[in-house]
Amino acid sequence: MARFSAAVAARAISLMLLLAVWEAAAWLIQSRLFPGAAGVLQTLFYEIVDGDLLHHLGATLMRVVIAFAAAMVAGSAIGIAMGLLRSLDALFDSWIVLFLNLPALVIAVLLYVWLGLTDTAAITAVALSKFPAVVITMREGTRALDRDLAAMARSFRIGPWRTLRHVILPQLSPYFLVAARSGLALIWKIVLVVELLGRPDGIGYEIQVFFQLFDIRRLIAYALAFVAVVLAIEWCVLLPLERHLLRWRA
Amino acid sequence: MTTGITLDIDEKRYPAEAGHHAVIAIRRLHAAISPNEFCVLFGPSGCGKSTLLNIIAGIDRDYSGTVRFAADSVPRIGYVFQSPRLLPWRTVRQNLELVLPRGADPPIVDGLLAEVGLADTAEFYPSRLSGGMARRATLARAFAIDPHLLLLDEPFVSLDAAAADRLRGLLLRLVAARPATVLFVTHDAAEAVTLADRVLMFSPSPGRIVAEMPIPIPREQRRDQDIDRLSGELAKLGQSSVRVVADSPISLGGPRRESRRF
């Protein structure tokens with residue numbers, strides 16, 4: 001526990017130092033285009049209380065959540081199937097490699113052209129740009145499944161449901177966590193680009209507006225709010241989940 | 001209820017894979033095992049003994065031949081593998097509960113854990129168990145399903161002599177309290193003649209049964225000098241039977257009793 005609070009204290013000091021350096025730099029530069037930390041935090045506060053920040057943040061998070069869930073579910077199902085069936089793997093492996101190397105920008109533009117400037121197109125574009133990486137990670141996990149444990153499950157005739165729940169999923173969960181964490185890191189960057197290209201709301205759209213207005217203070221405030229939410233998801237949801245799922249490794 | 005088994009395996013072949021030729025693991029293997037018999041499969045490493053257990057357990061269905069059980073219903077089979085094969089992400093108790101048939105009484109798990117000396121470590125994850133404790137857990141797991149048939153694949157091979165000895169004693173106590181037909185694989189002659197009612201001797205690959213040796217002395221009356229003498233005989237039988245090419249296995253000792261209880 002003592003080590004834990006020391007680590008938290010070190011992190012807090014490091015963060016304060018960053019804010020101090022930022023503030024000092026802004027004071028030296030004295031430019032409207034390089035606002036200081038205090039000014040940005042003040043703007044952030046006003047935007048939350050009086051402005052539209054929460055509305056745009058909500059719209060973006062909704063897209064992140066749906067795209068993330070869709071990419072994880074579809075990617076896991078197809079990755080596991082490809083790991084199990086060699087024929088399926090041979091058939092689709094090159095498709096996956098192609099999709100993996102297709103820039104997210106291209107996917108977004110094509111979907112906006114084909115489906116119109118809709119939320120469906122935006123969310124599909126974000127999900128599709130994450131999807132191949134999930135497939136590859138889950139396929140790897142499926143290939144690494146322990147044959148000895150599978151034979152044990154079969155010889156004791158524990159049935160497909162209990163085999164899945166107690167034998168297979170615990171082996172896949174580390175791979176699933178890797179896919180989830182790297183997936184979140186990727187998706188929340190892509191979603192801003194997709195919004196900027198073709199949505200009338202969301203953090204990405206607002207950043208475009210502030211860019212055109214050269215309103216750097218609000219631009220940074222919006223970005224900070226979004227980063228804070230994503231970090232909170234990482235620290236408050238994904239990390240504890242990982243600790244819980246992998247507790248037997250201690 | 002226990003079950004007899006009739007084995008008629010014509011051939012078990014592992015197909016050729018990259019860098020490996022096709023291997024015939026078993027050829028023309030015939031044997032009958034009586035209900036409640038403690039039967040040891042004895043032979044050199046790589047002669048197809050484990051393959052045979054996997055065929056009997058239903059894990060390996062890719063063979064030609066038949067495995068018939070005398071029991072009316074599909075027998076419950078408890079399998080103790082060469083490595084423990086416990087789920088590392090489940091506690092010892094959860095590992096046992098996993099294999100219980102639906103509707104089974106969970107308290108039998110506690111009884112079994114106490115019997116094998118793991119009552120205090122029931123909530124441990126397997127990574128915290130010693131080799132001997134993991135073996136005890138796998139024995140308890142095999143008995144948790146109230147098996148008609150027990151398959152043991154060199155279960156004590158990685159333990160030191162004293163620990164293996166204690167576990168052999170534990171196995172015999174468990175079998176005595178819950179009669180079951182037992183097929184025990186080993187390449188250790190002393191272990192074979194310590195445990196067996198009857199030893200079936202395998203040829204080197206492709207495996208078939210080339211000789212059998214009933215042990216005439218009741219198990220609890222076997223003294224150390226009996227074990228030494230019997231394992232000497234078994235080793236000699238192994239050398240001579242390798243040269244035997246007859247299709248029917250040679251036999252030593254008197255007529256086999258149909259069923260044995262202990």
Side-chain angles (χ1 to χ4, degrees), chain A residues 76 80 82-90 93 137-181 238-250, chain B residues 17 50-51 53-62 73-104 123-129 134 137-138 140-153 183:
Chain A
S76 297
I80 290 170
M82 285 174 71
L84 291 176
L85 303 174
R86 204 170 287 193
S87 53
L88 211 59
D89 188 42
D93 180 59
T137 308
M138 296 310 288
R139 180 178 65 184
E140 220 43 57
T142 309
R143 283 177 179 164
L145 284 175
D146 190 322
R147 283 156 190 257
D148 284 355
L149 291 179
M152 185 279 291
R154 271 168 77 189
S155 75
F156 279 97
R157 305 208 164 95
I158 64 174
W161 171 241
R162 281 199 280 184
T163 303
L164 182 71
R165 183 167 160 215
H166 299 287
V167 182
I168 294 178
L169 290 183
Q171 295 183 68
L172 292 180
S173 60
Y175 292 89
F176 189 82
L177 283 168
V178 166
R181 292 179 66 180
L238 290 180
L239 271 179
L241 185 70
E242 174 169 320
R243 245 179 257 131
H244 174 75
L245 286 175
L246 303 183
R247 65 197 179 283
W248 55 274
R249 278 186 178 172
Chain B
E17 271 181 49
S50 304
T51 302
L53 290 195
N54 284 340
I55 287 174
I56 295 171
I59 297 172
D60 188 340
R61 297 180 196 279
D62 181 24
S73 52
V74 180
R76 282 193 298 275
I77 299 176
Y79 202 150
V80 179
F81 302 90
Q82 210 172 94
S83 60
R85 300 197 191 179
L86 295 164
L87 300 179
W89 41 84
R90 294 288 184 265
T91 63
V92 172
R93 180 199 303 282
Q94 288 168 338
N95 264 284
L96 265 63
E97 283 169 351
L98 175 71
V99 302
L100 290 181
R102 256 166 261 271
E123 309 307 329
F124 281 23
Y125 287 105
S127 57
R128 290 183 59 195
L129 300 181
T138 59
R141 179 174 65 185
F143 278 98
I145 61 168
D146 188 20
H148 305 120
L149 171 64
L150 264 180
L151 305 174
L152 300 103
D153 187 3
L183 279 176

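In what follows, every chain begins at residue 1, and chains take the letters A, B, ... in the order their sequences are listed. On a predicted model such as this, the values are computed, not experimentally measured, just so you know. Below, each value reflects all heavy atoms present in this structure, side chains not excepted, and no hydrogens, waters or symmetry copies.
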Taken to the nearest 0.5 Å, the spacing of T91(B) OG1 from W248(A) CH2 works out to 13.5 Å
To the nearest 0.5 Å, how far apart are OG in S155(A) and CD1 in I145(B)?
8.0 Å
Within the distance-only criterion (no hydrogens, no angle test), does the side chain of R85(B) pair as donor or acceptor with the backbone N or O of L149(A) below 3.5 angstrom?
no
Is it the case that more than 12 heavy atoms not belonging to E17(B) sit under 6.0 Å from its CD atom?
no
Exceeds 12 heavy-atom contacts within 6.0 angstrom, atom CZ of R143(A)
yes
Nearest non-hydrogen partners of [X] and [Y], listed with the distance:
{"X": "L87(B)", "Y": "M152(A)", "answer": "CD2-CE, 4.0 Å"}
{"X": "V167(A)", "Y": "W89(B)", "answer": "O-CZ2, 3.4 Å"}
{"X": "I59(B)", "Y": "A151(A)", "answer": "CD1-O, 3.5 Å"}

Side chain to side chain donor-acceptor pair (under 3.5 Å) for R247(A) and Y125(B)? Distances and angles first, verdict last.
CA-CA 10 Å; R247(A) 65 197 179 283; Y125(B) 287 105; 3.3 Å; yes
Cut-off 4.5 Å, heavy atoms of chain A, and the answer for L151(B) is neither
Side chain to side chain, [X] and [Y], heavy atoms closer than 4.5 Å:
{"X": "D148(A)", "Y": "F81(B)", "value": "no"}
{"X": "P170(A)", "Y": "R90(B)", "value": "yes"}
{"X": "V99(B)", "Y": "R157(A)", "value": "no"}
{"X": "H166(A)", "Y": "E97(B)", "value": "no"}

Side chain to side chain contact (heavy atoms under 4.5 Å, CB included) for R76(B) and F156(A)? Distances and angles first, verdict last.
CA-CA 8 Å; R76(B) 282 193 298 275; F156(A) 279 97; over 6 Å; no
Between I77(B), D60(B), L98(B), L86(B), who has the most heavy-atom pairs with chain A when the cutoff is under 4.5 Å?
L98(B)
